Every structure is written in C-alpha cells, then in structure tokens.
Asks: 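Have a look at the structure that comes next, please.
Quantities reported herein were computed from a predicted structural model and do not represent experimental measurements.
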Amino acid sequence: MPGTSPPDERLRVMPWWLVLIGLLLAALLGWWVLYWLLGEADRAAAPDTRATLRIDAIRTGLTVVAGTGGGLALLLAARRQWISERAQRHQEVVAAADQAHRDRVQAHAEAVAEAGQRHQEHQAEAAAHDAAERRLTELYTRAVELLGNDNAAVRLGGLHALERLGQDNPAQRTTIVGVLCAYLRMPSPDDAREAEVRRSAQRMLTRHLRADGDVFWPGMRLDLTGARLDDFDATGCALDDADLTDATCTGTTRFTGATLRGRLALAATFEDLVLDGVTGDAKIMLDDATVSGRLTVERAEIGKLSCRRATIAAASLRATSVRRTAKFDHARFTEGASFREAAFHSSVSMEHATFTGQADFRQARFADLALFRWTEFGGDVWFTDVDFDGPANFGRARFHGPASFEHARLAYRPRVDQARATASAPHVWPDGTRVEPLDTDWLLLTDP
C-alpha cells in the first residue's frame, strides 16, 4: 500500500562451517605463499643470502595469513553492521505500522463514540419530539372537547385554548383556522350566548389575519361556505383565498382596506357589504349574491370583479379601479348604483343588467370594450364626462328615464341598434346617434 516500506528479504543465518572454511583457506593460502617463497629463497647460492631470504619469506607468509584473516574479520564486521542496520530499519517499520494501527484504532473508537453520541442525540430529539407531539395532541383534543361542550362559557374557553395553541405552534395554525371555520359553518340555535361565542370565533379569525402585529398568521385560507356570520369584520386583513359561498351574513360585513389574493367568493346573502379600499390581485366573485342593503366598493384597487346574476339594493363603486374584466351580466340593482369616477382597465359587460333606480357613470373611464346590450335603465342614467376609449355597445338597451351622454368622449361611434328610450324624458345622446319616434311612449335609436 502507499506509504509502507517493502518487506525485507528473509535473513539467512551464517553456518559455522563457512567460517571454518574461510580460516582454512586463509591458512592454506599462507602456507602456499610460504612454501613458494621458501622455495625461491633456497635457490640463492650464498648461505647468508639464503638465510635472509628465508626469514623474509616466513615474514611475508605470516603477513599474508594475517591480511587474509583481517579481510575475513572485516567481512564479518560489515555483515554484523548490515544486520544491525537491517534490524533497526525493521524496528522502525514495525513501530510505524504499530503507530498507524493505533491511529486507526483511535479513529475507529472516536467514530464509534461520535456515532453513539449522534444516536443518543437523535433518540433524545425523537423522544422530545414525541413528547411535544403528544402534548400538542392532548391540548388540541382537550380544546376540541371543550368546543363541543353544551355550556357556552366552556365553548368560549375551548376557543381561547385553540387560539393559544395556534399562537405558540405555527405548524398547527392551518388546522386551528380550519376548526374555527368548521365551527362557524355548523348550524347554531337562536341563543344569545351562542351568538357571543360565534362572534368571538369571528374575531379570533380576523385578529390573526391582520399583518400589523406579532399575532399575524400568514397564508391562512378561510372556508366559510354556508356559515352564519354576524357583523363579520375583516378590516385590514390579508386574505389568501376566502370562500363565503352560501353563507348568511347579518349586519355589516366589512373587508375595508383588506389585501386580497387568490379568490374571494362572496356568493352569499348579505345585509350590508363593505369592500372600500381593498387592494390586491384577487378575483372577487359576487355571482348570485344577494345584498339586501348597500354594497360599497369605493376607492378600491381590484384585480377582477364578477357580479353576474347578483341582486343588490344599492351599490357604489365610486373611484374604484378594476384592472381586469368586470362582469355584471343579469345583475339587478333595485335602488340605484353609482360607478362615478370608476376606472375599468379591461372589458366591462353589463348585458341584461337591470337598474331599477338611477345609474350614475359620471366621469367614469372605460379603457376597453363596454357592453350594455339588453340593459334596463329604470331611472336616471348619467354617462356625463365619461371616457369610452374602446368600443361601446348599447344595442337593445332600454332607457326608462332621462339619459345623458353630455361631454362624453368616445373613441369610436357607439352601437345603439334597436335601443329604446322613453319619449317622456329629456335625453342627451352621443353625436351622430339617430333617434326616431317609435310610438307615443318610446323612441327608437338606430345606427347610422
């Protein structure tokens, strides 16, 4: 593996006889040298010279033997040094391997300890989560049980318990809002104490939908279909989808200054409905709604508005701006309607609408198509100072009272084919409109 030393070759033990052979070879070499030198010394003629040469031969032979023995001794010393160094290197490799093993063991022990610690922490978190969930479940169950009690005071306590639970636990807010809406959807007896409990539930809902404090619950959706509401006040609330379809709303229902997103379904029965100053891109649906009193949508900024087949006693959309389509087809205004200074930035359709009282469109602006075909104007109708930036069509409309288009600014000649107007009242028609008597009671308007 990388970082480890290659294994050493196996160390061979030197046999004793190898040393003996080396000594014998050294002795034989010395004897042979001595023998050869003595033979050469015996060839000298003079006795003195021969004796001197023999002594030198003996000295030389002994020197050869000593040198050979010294060489063998050096070889043995070198081998001993090599063995010592090899042993030292082996010890170092073994020590390094031992240290690496100890490090691995230590790392493994630390990893095991860390995994055990994480497991303990996870178990502790799971236990705490389970305990918290059990506590929430118990609190929620207890609050719902209180809400179903026969005693009004106990039910009121259940409402406050639910509210406190939602305030402390954001994850439970959607469920709690659903419970409050369901409570308001339930049938209620005509009892003053129950009415107070229901009004408290309404106030709890709207209190947490106002983005002006720490008690704001964002992103809530209201399902109040078929509910019974009394003086429901959502003033300043931020609503993400609210459905009041088939609800019965007594008193004054207020959405004054609310911020509306998504869809606001108001196909319900109202006494008075106030939408003054609302903003947002919501689609406000008043189709099939009944407003027995007054509907006011003044100085509002609306995305889309639909009031088809609605029955409204009196309506005021003064200075309101509708960015997308507005539909009032088959709507009935039994007392009067004011669209004064309203701005419709997309198409408007009021086909088959009925205005029993006066209809006031003074200083309004229609930026796109405006349809008033088959519309019944039962009283005075004013289109004075109106801006028609797109085509306008009044085909087969009926004007039962005075009609005035004085100072109206029309980008296109309006269509009035087969429209009728009462002959008993004064009228001011757009320039170029052809008016002919139909009979003693009616005037017929035709296109040129």
Asks: Return yes if some donor-acceptor pair links the side-chain N/O of H407 with the main-chain N/O of T384 below 3.5 Å, else return no.
Replies: no
Asks: Roughly how far, to the nearest 0.5 Å, is OG1 of T433 from CZ of R413?
Replies: 7.5 Å
Asks: Would L222 and L209 count as a side-chain contact (heavy atoms from CB on, under 4.5 Å) if you check the C-alpha gap in whole Å, the side-chain angles of each, and the deciding distance to 0.1 Å?
Replies: CA-CA 10 Å; L222 301 183; L209 295 176; 3.8 Å; yes
Asks: Taking the side chain as every heavy atom from C-beta outward, state whether L159 and L146 have any atom pair closer than 4.5 Å.
Replies: no
Asks: Has R409 got its NZ or CZ under 6.0 Å from the middle of the six-membered ring of F388, at an angle within 45 degrees of the ring axis?
Replies: no
Asks: May I have the step-by-step check of side chain to side chain donor-acceptor pair (under 3.5 Å) for T296 and D276, ending in yes or no?
Replies: CA-CA 6 Å; T296 61; D276 295 345; 3.1 Å; yes
Asks: Quick one: does R415's side chain get under 4.5 Å of D447's, heavy atoms only?
Replies: yes
Asks: Do R362 and V386 come close enough that some side-chain heavy atom pair is under 4.5 Å?
Replies: no
Asks: Tell me the closest heavy-atom pair linking L184 and A201, and the distance in Å.
Replies: CD2-CB, 4.0 Å
Asks: Using the side-chain contact (heavy atoms from CB on, under 4.5 Å) rule, pick out the option among T290, V291, T334 that qualifies with I312.
Replies: V291
Asks: Dump the intermediate steps for side-chain contact (heavy atoms from CB on, under 4.5 Å) on K327 and C307, then the final yes or no.
Replies: CA-CA 6 Å; K327 297 180 179 180; C307 295; over 6 Å; no
Asks: Ion pair present between E138 and R142, side-chain N to carboxylate O less than 4.0 angstrom?
Replies: no
Asks: Is it true that a side-chain atom of T279 and a backbone atom of L260 form a donor plus acceptor pair closer than 3.5 Å?
Replies: no
Asks: Would you call E114 and R118 a salt bridge, taking side-chain N to carboxylate O under 4.0 Å as the test?
Replies: yes
Asks: Does A403 offer a backbone N or O that forms a donor-acceptor pair with the side chain of H427 under 3.5 Å?
Replies: yes
Asks: When the ring planes of W374 and H352 are compared, do they come out parallel, tilted or perpendicular, using 30° and 60° as the limits?
Replies: parallel
Asks: What I want to find out is whether R396 reaches D417 closely enough, with some N-O distance under 4.0 Å, to be called a salt bridge.
Replies: no
Asks: Would you compute the distance between atom CD of E376 and atom CZ of R332 and round it to the nearest 0.5 angstrom?
Replies: 11.0 Å
Asks: Walk me through whether E406 and W382 qualify under side chain to side chain donor-acceptor pair (under 3.5 Å).
Replies: CA-CA 8 Å; E406 187 175 4; W382 294 286; over 6 Å; no
Asks: Flag the pair D223 and R185 as a salt bridge only when some basic side-chain nitrogen lies within less than 4.0 angstrom of an acidic carboxylate oxygen.
Replies: yes
Asks: Please examine the side chains of Q202 and L229, heavy atoms only from C-beta on, and report whether any two atoms are closer than 4.5 Å.
Replies: yes
Asks: Go through E194 and R155 one step at a time and tell me if the salt bridge (charged side-chain N to carboxylate O under 4.0 Å, His left out) criterion holds.
Replies: CA-CA 9 Å; E194 172 61 16; R155 292 197 298 274; 2.7 Å; yes
Asks: Going by an N to O cut-off under 4.0 Å, is there a salt bridge joining E196 and R203?
Replies: yes
Asks: If we check side-chain hydrogen bond (donor to acceptor under 3.5 Å, both in side chains) with D230, which of these qualifies: T253, T248, T252, T250?
Replies: T250
Asks: Nearest 0.5 Å, what's the CG-CG distance between L317 and L275?
Replies: 9.0 Å
Asks: Without swapping roles, check the side chain of D387 against the backbone of D389 for a donor-acceptor pair under 3.5 Å.
Replies: no
Asks: For the pair R309 and D288, find out whether any cationic side-chain nitrogen is under 4.0 Å from an anionic carboxylate oxygen.
Replies: yes
Asks: Counting C-beta onward and ignoring hydrogens, is there a side-chain heavy-atom pair between T235 and F255 closer than 4.5 Å?
Replies: no
Asks: May I have the step-by-step check of side-chain contact (heavy atoms from CB on, under 4.5 Å) for Y183 and L147, ending in yes or no?
Replies: CA-CA 9 Å; Y183 182 77; L147 198 58; 3.9 Å; yes
Asks: Between R318 and E298, is the closest basic N to carboxylate O distance under 4.0 Å?
Replies: no
Asks: Hey, are E163 and R207 close enough for a salt bridge, meaning a charged N less than 4.0 Å from a carboxylate O?
Replies: yes
Asks: With a 4.0 Å cut-off on N to O distance, would you call D240 and R261 a salt bridge?
Replies: yes
Asks: Working to the nearest 0.5 angstrom, can you tell me the gap between D243 CG and M285 CE?
Replies: 10.5 Å
Asks: So which atom in R173 and which in G166 form the shortest heavy-atom distance, rounded to 0.1 Å?
Replies: NE-O, 2.9 Å
Asks: Surrounding CZ of R299 (heavy atoms of other residues, nucleotides or ligands, distance under 6.0 Å), is the total greater than 12?
Replies: no
Asks: For the residue pair T354 and F333, establish whether any side-chain heavy-atom pair is separated by less than 4.5 Å.
Replies: no
Asks: Are the charged groups of R210 and D212 less than 4.0 angstrom apart, N to O?
Replies: no
Asks: Between R102 and Q99, do the side chains contain an N or O donor and an N or O acceptor separated by less than 3.5 Å?
Replies: yes
Asks: Considering residues, nucleotides and ligands other than N151, do more than 12 of their heavy atoms fall under 6.0 Å from its CG?
Replies: yes
Asks: Would you call R294 and E335 a salt bridge, taking side-chain N to carboxylate O under 4.0 Å as the test?
Replies: no
Asks: Between D241 and R221, does at least one N-O distance fall below 4.0 Å, as a salt bridge requires?
Replies: yes
Asks: So, for F339 and A364, which heavy atoms are closest and what is the spacing to 0.1 Å?
Replies: O-CB, 3.6 Å
Asks: Kindly compute the distance separating CZ (R199) from CG (L156), expressed to the nearest 0.5 Å.
Replies: 11.5 Å
Asks: I need the minimum non-hydrogen distance between P402 and D380, along with the two atoms involved.
Replies: CD-OD1, 2.8 Å
Asks: Closest heavy-atom contact between A313 and G293?
Replies: CB-O, 3.0 Å
Asks: Can you tell if the side chain of V348 reaches within under 4.5 Å of the side chain of L369, non-hydrogen atoms only?
Replies: no
Asks: Can you check whether A342's main-chain N or O pairs, donor with acceptor, with R365's side chain at less than 3.5 Å?
Replies: no
Asks: Indicate the atoms forming the closest heavy-atom contact of S306 with R308, along with that distance.
Replies: OG-NE, 3.4 Å
Asks: Taking atom NZ of K304 and atom CZ of R324, what is their separation to the nearest 0.5 Å?
Replies: 6.5 Å
Asks: Is there side-chain contact between T225 and L244, with at least one heavy-atom pair below 4.5 Å?
Replies: no
Asks: Can you confirm whether or not the ring centre of F372 sits under 6.0 Å from the ring centre of F399?
Replies: no
Asks: Tell me if a side-chain donor or acceptor on N169 pairs with a main-chain N or O of A171 at a distance below 3.5 Å.
Replies: no
Asks: Walk me through it: do C181 and L205 pass the test side-chain contact (heavy atoms from CB on, under 4.5 Å)?
Replies: CA-CA 8 Å; C181 290; L205 281 177; 4.1 Å; yes
Asks: Does any N or O in the side chain of R373 come within less than 3.5 Å of the main-chain N or O of F394, such that one atom is a donor and the other an acceptor?
Replies: no
Asks: Could you check whether any side-chain N or O of S349 sits under 3.5 Å from a backbone N or O of D329, counting only pairs where one atom can act as donor and the other as acceptor?
Replies: no
Asks: For the ring pair F405 and F361, is the centre-to-centre distance below 6.0 Å?
Replies: no
Asks: Just by distance, do the side chain of D385 and the backbone of A408 share a donor-acceptor pair under 3.5 Å?
Replies: no
